[in-house]
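Taking it in order: structure first as structure tokens, then the write-up.
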Amino acid sequence: MSKVQGGMKCVKYLLFVFNFIFWLSGSLVLAVGLWLRFDPETVSLLAENDAPEHFFIAVYILIGAGGVMMLVGFFGCFGAMRESQCLLGLFFACLLIIFGAEVAAGVFGFLNKDKIIQGVQNYYQSSVKNGNGTAIVSVYQKVLECCEPESSPSSGLCTAEKSVKVCNEAIEKFFNEKLFIIGYVGIGIAGIMIIGMIFSMVLCCAIRNSREVI
């Protein structure tokens with residue numbers, strides 16, 4: 001009996017520590033999401049009303065996941081300390097739902113990565129061809145330090161000091177880096193949640209076994 005109780009206490013405190021780390025991870029995910037949403041360079045490129053919104057959809061999913069992780073981490077700590085099978089079961093269910101949502105969002109982002117980049121490139125090219133889009137083109141060239149080929153109508157906006165990068169290539173590189181950050185954070189979240197589900201189930205089983213012994 002003492003061995004069962006000792007093992008249960010060990011798992012309980014491990015789960016408590018995990019949930020605290022999980023809560024901190026949620027804070028980090030939320031911070032990364034907010035940074036991507038309000039990053040001055042990204043905002044300046046997608047600030048117009050007719051700009052593509054696919055990139056920000058992925059960012060909003062990240063922000064939502066971070067907020068939910070903080071909330072779930074708090075209740076997980078509470079459930080572990082109270083040794084409540086109900087709260088731990090709810091914690092496991094929440095982790096499973098978030099894990100499923102993260103996997104779905106990751107698959108969606110992976111499958112639509114090229115579409116997101118293509119959407120931004122098309123938006124930029126339409127601004128190049130549209131005489132009223134000079135301000136937008138100027139912002140892209142300034143932020144991304146790129147120029148259009150000499151044949152472009154907007155080539156007059158480029159100066160000798162600017163990089164010779166073609167803007168379409170610069171757009172692809174810029175948003176690839178941002179999307180990879182989202183992808184890596186998502187993979188990290190998934191790994192943490194798998195560990196959390198294992199701990200919560202082990203503690204639930206330990207609580208049930210200790211009550212059966214008593």
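- Taking all atoms of both residues into account, the shortest heavy-atom contact from L30 to G67 is CD1-N, 4.3 Å.
- Residues C146 and V166 have side chains not in contact (no heavy-atom distance under 4.5 Å, counting atoms from C-beta outward).
- Few gaps surround CZ on F56; more than 12 heavy atoms of other groups in view lie less than 6.0 Å from it.
- Residues I182 and L34 fall within the same hydrophobic cluster, defined by Ile, Leu, Val, Met, Phe, Trp and Tyr side chains chained together at heavy-atom separations under 4.5 Å.
- Applying the side-chain hydrogen bond (donor to acceptor under 3.5 Å, both in side chains) rule to pairs touching residues 55-67 yields R37-Y60, sequence neighbours excluded.
- Shown here for I136 and S127, the closest heavy-atom pair between the two residues is CG2-OG, 3.6 Å.
- Note: the hydrophobic cluster containing F22 also contains V185 (ILVMFWY, side chain heavy atoms under 4.5 Å, direct or indirect links).
- For E172, the side chain to side chain contact (heavy atoms under 4.5 Å, CB included) partners at least two apart in sequence or on another chain are I117, Q121, N176.
- In this structure, the side chains of Y140 and Y123 come closer than 4.5 Å at one or more pairs of heavy atoms.
- Between the CD atom in Q118 and the CG atom in N168 there is a gap of 8.0 Å [rounded to 0.5 Å].
- Legend: residues meeting salt bridge (charged side-chain N to carboxylate O under 4.0 Å, His left out) with D39, ordered by chain and number and at least two apart, are K178.
- One hydrophobic cluster, built from ILVMFWY side chains closer than 4.5 Å, cannot hold both L45 and I57; they sit in different ones.
- Distance check, rounded to the nearest 0.5 Å: CG of L95 to CE of M69 gives 8.5 Å.
- With sequence neighbours excluded, no residue satisfies side chain to side chain contact (heavy atoms under 4.5 Å, CB included) with I97.
- Under the rule for a salt bridge (charged side-chain N to carboxylate O under 4.0 Å, His left out), K113 has no partner lying at least two apart in sequence or in another chain.
- Contact of the Y124 side chain with the V137 side chain is registered, since non-hydrogen atoms from C-beta on lie closer than 4.5 Å.
- Rounding to the nearest 0.5 Å places CG of L28 at 13.0 Å from CD1 of I21.
- Placement of I198 and W23 within a single hydrophobic cluster is found when ILVMFWY residues are connected by side-chain heavy-atom separations under 4.5 Å, directly or transitively.
- Under the 4.5 Å side-chain contact rule for hydrophobic residues, M193 and L96 share a cluster.
- Minimum interatomic distance between Q141 and C167 (heavy atoms only, all atoms of both residues): CG-SG, 3.8 Å.
- At a threshold of 4.5 Å between non-hydrogen side-chain atoms, the residues L36 and T42 do not count as touching.
- Counting only heavy atoms from C-beta outward, the side chains of W35 and I181 approach each other to under 4.5 Å.
- The two residues L46 and P52 make their nearest non-hydrogen contact at CD2-O, 4.0 Å.
- Listed by chain and residue number, F20 satisfy the side chain to side chain contact (heavy atoms under 4.5 Å, CB included) test with L24 (two or more places apart in sequence, or in another chain).
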